[in-house]
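Structure in structure tokens, see below.
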Amino acid sequence: MVVATNLEEITNNITAACERSNRNKEDISLIAVTKYVTIERNKELVAAGIKNFGENRTEGFLKKYEAVGEEAAWHFIGTLQSRKVKDIIDKVDMIHSLDRVSLAKEINKRASNPIDCFVQVNVSEEETKHGLKVEEVETFIQEIEKYEKVRIVGLMTMAPHVEDKELIRRVFRELATLRDTIRDKKLLHAPCDYLSMGMSNDYEIAIEEGATHIRIGSKLVGE
């Protein structure tokens, strides 16, 4: 079973990264990114003990939710169009890509219950990535307070896909520092305890820098 073998390797790497950074591996949530795989592979992941799935396209998510449903917790990790919020809102457990007030307004309008959201931050300021600039985040979170069904549980970013590990580390460290600043404000609508960062190529660095939610695609589910 490909998934089981991959999961064992990733679990060992998570354990090692936690040991290096004096962290508890129980504090790390592994999200299987299944956007390019079949429903059968999702079911294989469930059988292997994976509890968290990440999807970034509405259509693909709905098909997999219909097949797997509440056997898993569902994380929407891609850019979410406001017009598609109504299709997914009461099926997802977390949204990792909140980056504009209009989206928060639509979530607030459509959700039956408060939704846990990560604010997406473009720390590296790459033109190809979505998200707020670091200096925009605090003001944005203040604006979100009026939307009672939007709960800011953390921040999310993606590091550049480069070989320079120190550059990757700096990006993750900057997000962690920003998270700490917001968390210390003790805002009721934005406890901001979590960090969603780290993917197949950099999740060990992310864990060392404080990640609580890592999003693993190819290294777990296969190409």
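Numbering of residues begins at 1 and proceeds along the displayed sequence.
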Point to revise | Residues in salt bridge (charged side-chain N to carboxylate O under 4.0 Å, His left out) contact with Glu126, at least two apart in sequence or another chain | key: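 Testing Glu126 for salt bridge (charged side-chain N to carboxylate O under 4.0 Å, His left out), a comparison that skips the adjacent residues, returns Lys129.
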
Exercise for review: Any chance you could lay out the salt bridge (Lys or Arg N to Asp or Glu O under 4.0 Å) test for Glu70 and Lys91, step after step, and finish with the verdict?
Suggested key: CA-CA 9 Å; Glu70 296 179 3; Lys91 299 177 176 70; over 6 Å; no

Exercise for review: Decide whether Ile207 and Met158 are clustered together by the hydrophobic rule: side chain heavy atoms of Ile, Leu, Val, Met, Phe, Trp, Tyr closer than 4.5 Å, transitively.
Suggested key: no

Practice item. Please report the C-alpha distance between Cys117 and Arg151 in whole Å, then the side-chain angles of each, then the deciding distance to 0.1 Å, and finally whether the side-chain contact (heavy atoms from CB on, under 4.5 Å) criterion is met. Key: CA-CA 6 Å; Cys117 297; Arg151 185 169 179 264; over 6 Å; no

Review point. Could you give the distance from OG1 (Thr38) to NZ (Lys63), rounded to the nearest 0.5 Å?
Key: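 Taking OG1 in Thr38 and NZ in Lys63, the distance rounds to 12.5 Å.
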
Practice item. Just do the salt bridge (Lys or Arg N to Asp or Glu O under 4.0 Å) check on Glu204 and Arg20 with the steps written out, would you? Key: CA-CA 10 Å; Glu204 292 179 72; Arg20 290 193 297 271; 3.3 Å; yes

Practice item. Go through the steps to decide whether His161 and Asn201 satisfy the test side chain to side chain donor-acceptor pair (under 3.5 Å), and finish with yes or no. Key: CA-CA 8 Å; His161 196 84; Asn201 60 307; 3.3 Å; yes

Review point. For the residue pair Phe140 and Leu98, what are the closest heavy atoms and their distance?
Key: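 Nearest heavy atoms, Phe140 then Leu98: CZ-CG, 4.0 Å.
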
Check your understanding: Do Leu175 and Val171 come within less than 4.5 Å of each other through their side chains, counting heavy atoms only?
Key ->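 Side-chain contact under 4.5 Å: no.
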
Check your understanding: Below 4.5 Å, heavy atoms only, C-beta onward: do Thr212 and Ser29 meet side chain to side chain?
Key ->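 When only atoms from C-beta onward are counted, Ser29 and Thr212 do not touch, as no gap falls below 4.5 Å.
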
Point to revise | Arg179 vs Glu174, salt bridge (Lys or Arg N to Asp or Glu O under 4.0 Å): CA-CA, chis, key distance, verdict | key: CA-CA 9 Å; Arg179 187 278 312 269; Glu174 187 169 355; over 6 Å; no

**Study point:** Crowding at CG, Asn24 (>12 non-hydrogen neighbours, <6.0 Å)
**Key:**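 Yes, because the 6.0 Å sphere around CG of Asn24 holds more than 12 heavy atoms from other groups.
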
Point to revise | Joint hydrophobic cluster, Leu195 plus Met94, side-chain heavy atoms closer than 4.5 Å | key: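 Unlinked, Leu195 and Met94 end up in two clusters.
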
Exercise for review: Kindly give the heavy-atom pair with the smallest separation between Ser200 and Gly217, and that separation in Å.
Suggested key: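 Heavy atoms only, the tightest pair is OG-N, 3.3 Å.
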
Exercise for review: Would you check if Glu55 and Trp74 make a side-chain contact, meaning some heavy-atom pair closer than 4.5 Å?
Suggested key: yes

**Study point:** Glu138/Lys185 under salt bridge (Lys or Arg N to Asp or Glu O under 4.0 Å): CA gap, chis, key distance, verdict
**Key:** CA-CA 10 Å; Glu138 289 191 57; Lys185 294 179 183 294; 3.3 Å; yes

Point to revise | Stepwise side-chain contact (heavy atoms from CB on, under 4.5 Å) test for Ile214 and Ile14 | key: CA-CA 10 Å; Ile214 57 174; Ile14 290 171; 3.8 Å; yes

Review point. What distance do Leu178 atom CG and Glu135 atom CD have between them, rounded to the nearest 0.5 Å?
Key: 10.0 Å

Exercise for review: Drop me the distance from Thr177's OG1 to Arg170's CZ, to the nearest 0.5 angstrom.
Suggested key: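 With rounding to 0.5 Å, OG1 (Thr177) is 13.0 Å from CZ (Arg170).
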
Review point. Can you find a heavy atom in the side chain of Ile205 that is under 4.5 Å from one in the side chain of Lys165?
Key: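 In short, these two side chains touch, coming nearer than 4.5 Å.
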
Check your understanding: Do Lys86 side-chain atoms and Arg83 backbone N/O form a donor-acceptor pair below 3.5 Å?
Key -> yes

Exercise for review: Verify whether one side chain among Asp90 and Ser112 offers a donor that lies under 3.5 Å from an acceptor in the other.
Suggested key: yes

**Study point:** Any donor-acceptor N or O pair under 3.5 Å, side chains Asn52, His75
**Key:** yes

Exercise for review: Have a look at Glu208 and tell me which of Arg169, Arg173, Arg23 forms a salt bridge (charged side-chain N to carboxylate O under 4.0 Å, His left out) with it.
Suggested key: Arg169

Practice item. Take Val137 and Ile141 through the side-chain contact (heavy atoms from CB on, under 4.5 Å) test and state the conclusion after the steps. Key: CA-CA 6 Å; Val137 172; Ile141 288 177; 3.8 Å; yes

Study note, to complete from the structure: So CZ of Arg57 and OG1 of Thr79: to nearest 0.5 Å the spacing works out to 10.0 Å

**Study point:** Contact summary for Leu167 and Pro160, nearest pair of heavy atoms
**Key:** CD2-CG, 4.3 Å

Check your understanding: Crowded around Lys105 NZ? As in, over 12 foreign heavy atoms under 6.0 Å?
Key ->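 Incorrect, the count does not exceed 12.
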
Point to revise | Distance in Å, Asp116 CG paired with Asp93 CG, rounded so as to fall on 0.5 Å steps | key: 8.5 Å

Practice item. For the pair Asn108 (side chain) and Ala104 (backbone), establish whether a donor and an acceptor sit closer than 3.5 Å, ignoring hydrogens and angles. Key: no

Practice item. Would you indicate whether Tyr194, at its atom OH, is surrounded by more than 12 heavy atoms from other residues, nucleotides or ligands within a distance under 6.0 Å? Key: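 Not buried by this count: 12 neighbours or fewer within 6.0 Å.
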
Review point. Are Val2 and Thr5 close enough that some pair of their side-chain heavy atoms sits under 4.5 Å apart?
Key: no

Check your understanding: Of all heavy-atom pairs between Asp202 and Gly198, which one has the smallest distance, and what is that distance?
Key ->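 Taking Asp202 first and Gly198 second, the nearest heavy atoms are OD1-CA, 3.3 Å.
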
Exercise for review: Quick one: pull up CG in Asn122 and CG in Leu132 and give me the separation to the nearest 0.5 Å.
Suggested key: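 Between atom CG of Asn122 and atom CG of Leu132 there are 9.0 Å.
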
Practice item. For the residue pair Thr34 and Lys64, establish whether any side-chain heavy-atom pair is separated by less than 4.5 Å. Key: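 Contact flag for Thr34/Lys64 side chains = yes.
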
Practice item. Might you work through the side-chain contact (heavy atoms from CB on, under 4.5 Å) test for Lys84 and Glu59, ending with a clear yes or no? Key: CA-CA 10 Å; Lys84 294 192 174 181; Glu59 294 78 9; 2.7 Å; yes

**Study point:** Val150-Val153 co-clustered via ILVMFWY side chain contacts under 4.5 Å
**Key:** no

Review point. Does Ile107 belong to the same Ile/Leu/Val/Met/Phe/Trp/Tyr cluster as Leu187, with side-chain heavy atoms less than 4.5 Å apart forming each link?
Key: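 Ile107 and Leu187: one cluster.
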
Point to revise | Non-hydrogen atoms of Leu103 and Leu80 that approach each other most closely | key: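 Closest pair (atom of Leu103, atom of Leu80, distance): CD1-O, 3.8 Å.
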
Point to revise | Ion pair Asp180/Arg183, N-O distance below 4.0 Å | key: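 Looking at Arg183 together with Asp180, the answer is yes, because their closest N to O distance falls below 4.0 Å.
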
Exercise for review: Please indicate whether His130 has more than 12 foreign heavy atoms, meaning atoms of other residues, nucleotides or ligands, lying under 6.0 Å from its NE2.
Suggested key: no

Review point. Is it true that Phe118 and His213 have ring centroids separated by less than 6.0 Å?
Key: yes

Practice item. Report whether Ile88 and Ile115 are members of the same hydrophobic cluster (ILVMFWY, side-chain heavy atoms less than 4.5 Å apart, transitive linking). Key: yes

Check your understanding: What is the minimum heavy-atom distance between Phe76 and Ser97, and which atoms define it?
Key -> O-OG, 4.1 Å

Check your understanding: Under a 4.5 Å cut-off applied to non-hydrogen side-chain atoms, are Ile216 and Ile31 in contact?
Key ->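 No, their side chains stay 4.5 Å or more apart.
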
Check your understanding: Under 6.0 Å from the CD atom of Glu163, do we count more than 12 heavy atoms belonging to anything else shown?
Key -> no

Check your understanding: Is it true that Glu44 and Arg41 have a side-chain N and a carboxylate O under 4.0 angstrom from each other?
Key ->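 The answer is yes: the pair qualifies as a salt bridge.
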
Point to revise | 4.5 Å side-chain heavy-atom contact, Cys18 and Ile28 | key: yes

